[in-house]
Engineer: 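Take a look at the following structure, please.
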Amino acid sequence: MGFVYRQLSLPNHGITSIDILRQFSQIQKLDLRENSITSLATLVYLPHLVCLIVSGNRLTHGLDFCPPSSSSRPHLRMVDLAHNGMRDLGQVAAFFNLETLMVDDNDLTDVSCLTHLCHLTKLSACHNTLTDVSILRGLPLRELYLSGNQITSLDGIDTMVHLEVLHMDQNQLKSLCGVENLSHLRDARFTENCLASLEELQFLEGLPVLTHIALAGNPFTNDPHSRDGILFRLPRITLLDGENVSVAESVRAYNLALHADSKAELEERAKRGMASAPPTTFPEELLRQ
């Protein structure tokens with residue numbers, strides 16, 4: 001009597017070839033991370049494969065095999081191809097039932113092959129050289145991680161209406177226009193971009209479940225009062241730049257903003273010489289703000 005292997009895990013074993021796996025066609029979960037594999041072509045003989053983890057290998061062409069001809073609907077749901085030095089994703093588009101794809105730390109410049117993956121809910125492609133989000137337009141993504149790329153615009157992000165998590169750290173964004181339509185967004189990161197003004201927060205103000213935000217490292221955060229400004233504009237935030245927001249801090253930010261507005265209004269009325277303008281000597285408690 002032989003054995004049927006459903007799962008196989010051989011991380012960090014110095015493996016260079018997986019040809020022997022054609023003998024184990026019943027495998028559903030395969031973990032071969034941190035080896036020296038250069039090709040996945042043998043996996044065509046594993047028609048039941050559901051989960052594939054091959055991060056930290058030497059793959060240059062991603063999934064370099066097609067679904068087995070005996071499988072009319074490929075079973076593969078989750079693939080981790082991170083840390084490989086890949087230049088392209090190979091035949092990934094043929095695996096149209098994919099739900100999770102991780103391709104961080106590669107040499108990818110284009111992921112347009114993903115546009116027909118109508119079940120893809122999680123994509124992590126951090127630290128590549130991607131420049132465009134619009135190629136992912138309309139995908140049913142719930143989690144999108146694109147930190148460490150060269151993205152300059154969020155054009156097309158408004159079509160990803162199911163997004164709950166969006167991480168865009170270390171890109172070249174100058175505006176957050178587009179995120180205002182993401183009513184399910186609860187966790188967003190935009191650190192180390194090119195956001196020059198607190199006014200960019202107008203695109204986040206109407207998001208009903210956004211509670212976690214990270215904005216450090218943008219030009220506007222050089223202002224020592226930027227944290228107060230963010231909390232005033234986004235009162236639902238409970239975690240800002242990795243730090244919990246206390247009730248006292250939220251109240252302080254609100255009061256400071258109100259006092260600043262009051263002081264500006266008093267000064268403006270005085271300049272215009274309005275009949276109802278207050279004395280030019282403002283209340284001391286305002287001047288100290």
Side-chain angles (χ1 to χ4, degrees), residues 104 108-112 114-115 117-118 120-223 225-242 245 250 253-254 257 260-261 264:
D104 308 288
L108 300 173
T109 59
D110 179 27
V111 290
S112 57
L114 304 180
T115 54
L117 297 182
C118 59
L120 191 65
T121 57
K122 178 179 178 179
L123 173 62
S124 188
C126 300
H127 304 291
N128 284 279
T129 51
L130 303 176
T131 60
D132 191 7
V133 174
S134 65
I135 54 178
L136 302 174
R137 188 185 301 271
L139 285 176
L141 292 166
R142 295 186 183 278
E143 299 180 39
L144 179 58
Y145 305 88
L146 292 176
S147 297
N149 282 283
Q150 300 173 15
I151 297 167
T152 59
S153 167
L154 291 175
D155 182 42
I157 202 79
D158 59 320
T159 67
M160 304 176 203
V161 294
H162 302 291
L163 270 183
E164 298 176 9
V165 179
L166 176 61
H167 288 193
M168 299 290 296
D169 300 319
Q170 299 175 325
N171 277 283
Q172 300 169 23
L173 298 174
K174 295 182 179 180
S175 175
L176 298 180
C177 182
V179 298
E180 66 272 19
N181 294 320
L182 308 181
S183 60
H184 298 285
L185 193 64
R186 53 181 173 78
D187 179 356
R189 294 187 59 90
F190 302 104
T191 66
E192 297 182 54
N193 275 276
C194 305
L195 304 175
S197 171
L198 197 65
E199 290 304 309
E200 288 301 320
L201 300 187
Q202 66 180 298
F203 300 111
L204 302 172
E205 289 176 354
L207 302 182
V209 295
L210 181 65
T211 56
H212 294 186
I213 188 79
L215 295 159
N218 282 283
F220 83 86
T221 63
N222 291 332
D223 184 330
H225 301 296
S226 63
R227 185 175 175 90
D228 292 324
I230 293 168
L231 294 177
F232 177 70
R233 299 290 291 266
L234 305 175
R236 299 185 186 91
I237 296 300
T238 60
L239 187 72
L240 174 57
D241 293 327
V245 177
S250 294
Y254 181 77
D261 287 345

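Values reported hereafter were calculated over all heavy atoms of this structure, with side chains retained and with hydrogens, waters and symmetry mates removed.
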Engineer: Under the side chain to side chain contact (heavy atoms under 4.5 Å, CB included) test against Leu173, which residue among Val133, Thr152, Leu154 passes?
Structural biologist: Leu154
Engineer: With sequence neighbours excluded, what pairs up with Asn128 under the side chain to side chain donor-acceptor pair (under 3.5 Å) test?
Structural biologist: none
Engineer: Minimum heavy-atom separation for Gly156 and Arg137, please, with both atom names.
Structural biologist: CA-NH1, 3.7 Å
Engineer: With ring-ring contact (aromatic ring centres under 6.0 Å, His included) as the rule and sequence neighbours excluded, what pairs involving residues 187-214 come up?
Structural biologist: none
Engineer: May I have the step-by-step check of side chain to side chain contact (heavy atoms under 4.5 Å, CB included) for Asn218 and Glu192, ending in yes or no?
Structural biologist: CA-CA 5 Å; Asn218 282 283; Glu192 297 182 54; over 6 Å; no
Engineer: For a 4.5 angstrom cut-off between non-hydrogen side-chain atoms, does Leu234 reach Leu240?
Structural biologist: no
Engineer: Using modelled atom types only, decide if a donor and an acceptor are shared between the side chain of Asn171 and the backbone of Asp169 within a distance under 3.5 Å.
Structural biologist: yes
Engineer: Could you grab the distance from atom CG of Leu198 to atom OG1 of Thr221, nearest 0.5 Å is fine?
Structural biologist: 10.5 Å
Engineer: Checking Asp187 side chain against Glu164 main chain: does a donor-acceptor pair fall under 3.5 Å?
Structural biologist: no
Engineer: Working to the nearest 0.5 angstrom, can you tell me the gap between Leu210 CG and Leu239 CG?
Structural biologist: 10.5 Å
Engineer: Measure the CG-CG distance between Leu117 and Leu123 for me, rounded to the nearest 0.5 Å.
Structural biologist: 9.5 Å
Engineer: Would Leu146 and His167 satisfy side chain to side chain contact (heavy atoms under 4.5 Å, CB included), going step by step from the backbone distance to the final call?
Structural biologist: CA-CA 6 Å; Leu146 292 176; His167 288 193; over 6 Å; no
Engineer: When rounded to the nearest 0.5 angstrom, what distance separates CE in Met160 from OG in Ser134?
Structural biologist: 8.0 Å
Engineer: Taking C-beta and beyond as the side chain, do Leu139 and Thr115 meet within less than 4.5 Å on heavy atoms?
Structural biologist: no
Engineer: Quick one: does Asp223's side chain have a donor or acceptor within less than 3.5 Å of a partner on Phe220's backbone?
Structural biologist: no
Engineer: I need the minimum non-hydrogen distance between Cys118 and Pro140, along with the two atoms involved.
Structural biologist: O-CG, 3.2 Å
Engineer: Between Leu207 and Leu185, what is the shortest heavy-atom contact and its length?
Structural biologist: CD1-CD2, 4.0 Å
Engineer: With heavy-atom distances below 4.5 Å as the criterion, would you say the side chains of Leu176 and Met168 are in contact?
Structural biologist: no
Engineer: Is there a donor-acceptor contact under 3.5 Å from the side chain of Asn193 to the main chain of Leu195?
Structural biologist: no
Engineer: Determine the sole option in Thr129, Ile135, Leu130, Asp132 for which the side chain to side chain contact (heavy atoms under 4.5 Å, CB included) test with Asp110 is passed.
Structural biologist: Ile135
Engineer: With a 4.5 Å limit on heavy-atom distance, are the side chains of Leu163 and Arg142 in contact?
Structural biologist: no
Engineer: Given Tyr145 and Lys122, is the side chain to side chain contact (heavy atoms under 4.5 Å, CB included) satisfied, shown in steps?
Structural biologist: CA-CA 8 Å; Tyr145 305 88; Lys122 178 179 178 179; 3.9 Å; yes
Engineer: Would you call Arg233-Glu200 a salt bridge at under 4.0 Å N-O?
Structural biologist: no
Engineer: How many angstroms lie between CG in Asn181 and OG1 in Thr159, if you round to the nearest 0.5 Å?
Structural biologist: 9.5 Å
Engineer: Evaluate the ring planes of His162 and His184, with Trp represented by its six-membered ring, and classify them as parallel (under 30°), tilted (30 to 60°) or perpendicular (over 60°).
Structural biologist: parallel
Engineer: The test is side chain to side chain contact (heavy atoms under 4.5 Å, CB included); show your working for Leu201 and Leu215 and say whether it passes.
Structural biologist: CA-CA 10 Å; Leu201 300 187; Leu215 295 159; 3.7 Å; yes
Engineer: Side chains of Thr131 and Asn149, heavy atoms from C-beta outward: is any pair under 4.5 Å?
Structural biologist: no
Engineer: Picking from Ile237, Ile230, Val179, Leu182, what satisfies side chain to side chain contact (heavy atoms under 4.5 Å, CB included) with Leu204?
Structural biologist: Val179
